[in-house]
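Just the heavy atoms: all of them, side chains too, but no hydrogens, waters or symmetry mates, feed the values below. We're numbering straight along the sequence, starting at 1.
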Amino acid sequence: MLMLMAVLACQSQVADSSPFRALAVPPPNRVRSASGAPGPDYWQQRADYVIRATLDTAGSVIRGSERIHYENHSPDTLAFVWVQIEQNIFAKNSVTYALNQPPLHFAGGAVFDFTGKGFIGGITIERFRAAGRELGRSEYGTMMRVELPRTLPPRGTIDFDVAWDFPVPPYGGGRMGRIGTRLYEIGQWYPRMVVYDDVQGWNPLPYIGAGEFYLEYGDFDVTLTLPAGFVVAATGTVANPLAVWSAEQRARLAQARASTEGVQVITKAEATARGAQRAPGTKTWHFTAQRVRDFAWAASPDFRWDASAWKGILIQTFYRPDAVPWEEANRMAWFTIKHFSETWGMYPWPHATTVEGLIEGMEYPMLTFVPAIDRREDQYWVLTHEFGHEWFPMMVGSDERRYPWMDEGFNTFIDYGSAEGYFKGTAYGDTVRRELLTDYRVSAVPGAEQPLITKPVESRDLAWTAYQKPALMLTILRDAVLGNDTFERALREYVRRWSFRHPQPADFFRTIENVSGRDLDWFWRAWVYTTARLDQSVDSVTAAGDTALVFLSNRGQMVLPVTLELRYADGSTETRDLPVEMWNLGSRFTARVGTNKAVTRVVIDPHAIYPDVDRANNRWPR
């Protein structure tokens with residue numbers, strides 16, 4: 001018996017050390033199915049907003065009131081709700097100011113400071129009521145718990161009446177802000193519901209800066225009252241065009257809706273002249289948006305405005321008169337929306353708008369903030385990246401505060417395809433994805449690198465763990481494991497299944513595996529949950545009759561398929577692809593190549609697409 005127990009124990013240890021062992025993820029259920037699709041009992045909450053707000057440029061203060069209609073689709077009875085009040089990131093006693101962490105640096109020189117650079121602000125909640133009754137509430141930094149007047153049962157609804165105000169910071173943590181009183185880019189500006197889901201219940205993780213947003217879907221009805229000379233771009237459709245646009249602007253916009261080329265709705269001369277004038281009074285803009293998770297806006301008296309259209313989608317660019325790089329921005333935006341729609345799923349909203357200004361890059365439904373950048377390739381990259389977020393996470397509503405690799409990383413991956421398409425045939429377009437391997441050599445430092453699954457607020461190199469490494473992961477999955485057609489079919493299905501829903505990592509894993517027909521637990525473990533490294537080696541080559549024996553080993557913790565390039569004595573070459581199952585029995589494998597020709601050279605990964613940490617042993621002879 002003791003001997004049997006010892007044997008079983010040894011077998012268990014061997015099984016547990018296999019790179020192909022089952023990945024420990026939450027089991028499927030009727031909410032989230034084993035196939036990776038939403039289950040028959042899938043649910044999520046809904047929050048609709050009616051917001052009335054005013055911008056006072058004299059003090060750069062926004063004052064607003066809102067009605068939140070909240071629907072409880074969960075099977076649980078709720079005694080309280082959590083509300084996000086993100087402007088408190090700029091409060092004097094905020095966690096962000098207390099930590100005073102250094103800015104996040106990106107390749108190309110972009111810097112994100114998640115603080116307000118010393119600006120002291122914060123939101124004031126003037127009232128929070130239901131049915132005319134003031135509700136008890138407790139603020140915890142950027143989160144607020146609100147006690148309900150009575151419990152909210154499953155399928156129950158409640159309306160909240162809220163009033164609030166806050167001063168607009170000049171620099172709002174890299175995501176919103178203003179330039180004096182001439183340009184406002186506004187996000188995280190109204191109290192909004194925290195997500196309640198089937199995995200965590202309430203998700204009141206604080207907004208510290210590095211972790212972005214996790215939001216419920218709903219409809220918005222928003223009116224904004226501003227100085228009369230301001231032009232506004234926002235999430236949603238303008239519901240009162242006669243009141244806010246001139247007859248000439250409306251005519252030009254109608255022309256743009258029928259044009260694939262940019263039409264100047266407000267010309268440079270008109271923007272310059274408008275900026276020199278000060279129109280008296282105020283103007284109220286009315287916007288409506290359906291099935292979105294957020295609402296943002298930008299306003300300035302100085303905007304130039306170009307527009308075009310693709311398949312009924314209005315594509316708009318707003319920028320200041322001196323932002324010369326933006327004269328090509330509308331064409332860039334048009335190509336971006338077309339490319340992403342044709343490749344990953346149709347853009348679902350009536351317009352796609354980008355605004356030039358102080359923000360280094362930020363995304364909201366139908367609206368992005370992008371700076372003017374002199375280098376054309378860099379301008380395109382930031383513009384296409386922010387629009388890529390319309391797919392991840394505006395359509396596919398993942399939890400950014402826990403899993404930034406599921407939006408920033410997936411988005412960065414599709415951005416490379418967009419850049420390759422726009423600059424096709426140029427040195428940049430044909431080689432831009434190679435920078436992922438350069439980033440690997442710089443950032444994947446043993447002992448310092450962290451797994452992708454690391455929360456953003458705990459990541460020491462967010463540019464790597466959230467952006468570049470997941471893009472490299474998906475590139476390897478496509479090019480070396482699944483093949484282009486299978487990979488694109490699987491990722492498109494993930495987008496289709498989880499649009500306007502809240503996927504978890506296991507839902508993504510299961511969808512890709514079920515659609516592709518591949519067990520990929522070994523892949524996710526190495527790339528997402530560990531910092532495993534790849535080191536494939538050609539150890540030796542011998543001949544046995546009409547067979548060449550190529551002795552291979554996997555010297556790292558990561559396993560991947562092997563591509564061999566063999567050169568023969570007669571000068572001919574051939575390529576052999578070996579599937580990842582070659583490592584089923586351990587870290588050594590002998591490839592048997594039937595040939596009567598003498599092998600003179602063998603190279604692993606001849607096109608150098610892998611992040612192999614020791615390329616010196618990738619070839620024989622050394």
Side-chain angles (χ1 to χ4, degrees), residues 19 107 377 381 409 412-417 419-421 423-446 449 452 463-464 467-484 486-487 520 522-523 526-527 530-541 548 550-568 571-580 582-583 587-589 591 593 599-622:
E377 292 84 355
W381 180 266
T412 300
F413 168 79
I414 69 173
D415 297 339
Y416 279 104
E420 288 165 342
F423 293 98
K424 185 177 181 180
T426 69
Y428 174 81
D430 294 343
T431 62
V432 60
R433 198 182 293 265
R434 301 291 299 178
E435 70 187 23
L436 289 171
L437 292 174
T438 302
D439 294 339
Y440 185 91
R441 290 190 287 272
V442 171
S443 297
V445 179
E449 186 188 14
L452 262 62
W464 175 241
Y467 294 74
Q468 298 302 92
K469 186 174 182 179
L472 177 60
M473 173 184 76
L474 294 183
T475 298
I476 297 295
L477 182 62
R478 181 193 67 182
D479 294 346
V481 181
L482 298 182
N484 187 76
T486 298
F487 173 85
L520 297 170
W522 57 273
F523 188 86
W527 283 94
T530 74
T531 57
R533 281 161 176 75
L534 179 72
D535 184 7
Q536 296 178 341
S537 173
V538 185
D539 295 331
S540 62
V541 177
V550 183
F551 296 91
L552 307 170
S553 63
N554 193 70
R555 300 184 178 188
Q557 306 84 24
M558 178 185 287
V559 293
L560 282 172
V562 169
T563 296
L564 292 178
E565 182 183 81
L566 300 103
R567 178 176 291 275
Y568 297 104
S572 62
T573 62
E574 71 167 311
T575 299
R576 295 287 183 99
D577 293 317
L578 302 174
V580 72
M582 64 187 289
W583 308 118
S587 60
R588 296 186 180 277
F589 183 82
V593 180
V599 176
T600 60
R601 189 181 71 174
V602 177
V603 179
I604 284 178
D605 186 24
H607 299 296
I609 68 171
Y610 280 173
D612 195 303
V613 298
D614 184 2
R615 291 208 167 270
N617 62 24
N618 283 27
R619 61 182 59 245
W620 175 91
R622 300 281 192 265

Going by heavy atoms in the side chains, are Thr563 and His607 under 4.5 Å from each other?
no
Report yes or no: does Gln536 contribute a side-chain atom to a donor-acceptor pair with the main-chain N or O of Pro561 at less than 3.5 Å?
yes
Check the pair Leu564, Leu578 against side chain to side chain contact (heavy atoms under 4.5 Å, CB included), reporting the backbone distance first and the verdict last.
CA-CA 8 Å; Leu564 292 178; Leu578 302 174; 4.0 Å; yes
Criterion side chain to side chain contact (heavy atoms under 4.5 Å, CB included) against Asn618, the qualifying member of Val602, Val538, Asp612:
Asp612
Has Thr431 got a side-chain atom pairing as donor or acceptor with Ala427's backbone, closer than 3.5 angstrom?
yes
Answer yes or no: is there a donor N or O on one side and an acceptor on the other, between the side chain of Thr600 and the main chain of Arg567, under 3.5 Å?
yes
If you look at every heavy atom in Ser443 and Glu449, which pair is closest and at what distance?
O-CB, 4.1 Å
Distance-only donor-acceptor hits, side chain of residues 471-480, under 3.5 Å, sequence neighbours excluded:
residue	atom	partner	partner atom	Å
Thr475	OG1	Arg433	NH1	3.0
Thr475	OG1	Ala471	O	2.8

Would a 4.5 Å heavy-atom cut-off, applied to side chains only, mark Tyr467 and Phe413 as touching?
no
Under the 3.5 angstrom rule, does the side chain of Arg619 hit a backbone N or O of Ala616 as a donor-acceptor pair?
no
Residue pair Asp535 / Asn617, side-chain donor-acceptor N/O under 3.5 Å
yes
Compare all side-chain heavy atoms of Thr573 with those of Tyr568 and state whether any distance is below 4.5 angstrom.
no
Is any side-chain heavy atom of Val541 closer than 4.5 Å to one of Val550?
yes
Answer yes or no: is there a donor N or O on one side and an acceptor on the other, between the side chain of Gln557 and the main chain of Arg533, under 3.5 Å?
yes
Let me confirm one number: the CH2-CH2 distance from Trp527 to Trp522, rounded to the nearest 0.5 Å.
10.0 Å
I'd like to check Ile604 versus Leu552 (side-chain heavy atoms, cut-off strictly below 4.5 Å). Are they in contact?
yes
Can a donor-acceptor pair be found, under 3.5 Å and without considering hydrogens, that links the side chain of Asp439 to the backbone of Gln468?
no
Just by modelled atom types, is the Leu560 backbone N or O under 3.5 Å from a matching donor or acceptor in the Trp583 side chain?
yes
For Tyr440 and Ala532, work out which heavy atoms get closest and say how close.
OH-O, 4.3 Å
Should the heavy atoms of other residues, nucleotides or ligands under 6.0 Å from CZ of Arg588 be counted, would the total exceed 12?
no
Hey, what do you get for CG (Leu566) to OG1 (Thr575), rounding to the nearest 0.5 Å?
8.0 Å
Under 4.0 Å between a side-chain nitrogen and a carboxylate oxygen: does that hold for Asp539 and Arg555?
yes
Which heavy atom of Glu420 sits nearest to which heavy atom of Gly429, and what is that distance?
CG-O, 3.4 Å
Is there a donor-acceptor contact under 3.5 Å linking the side chains of Asn554 and Ser587?
no
Is the shortest heavy-atom distance from the side chain of Thr426 to the side chain of Glu377 under 4.5 Å?
no
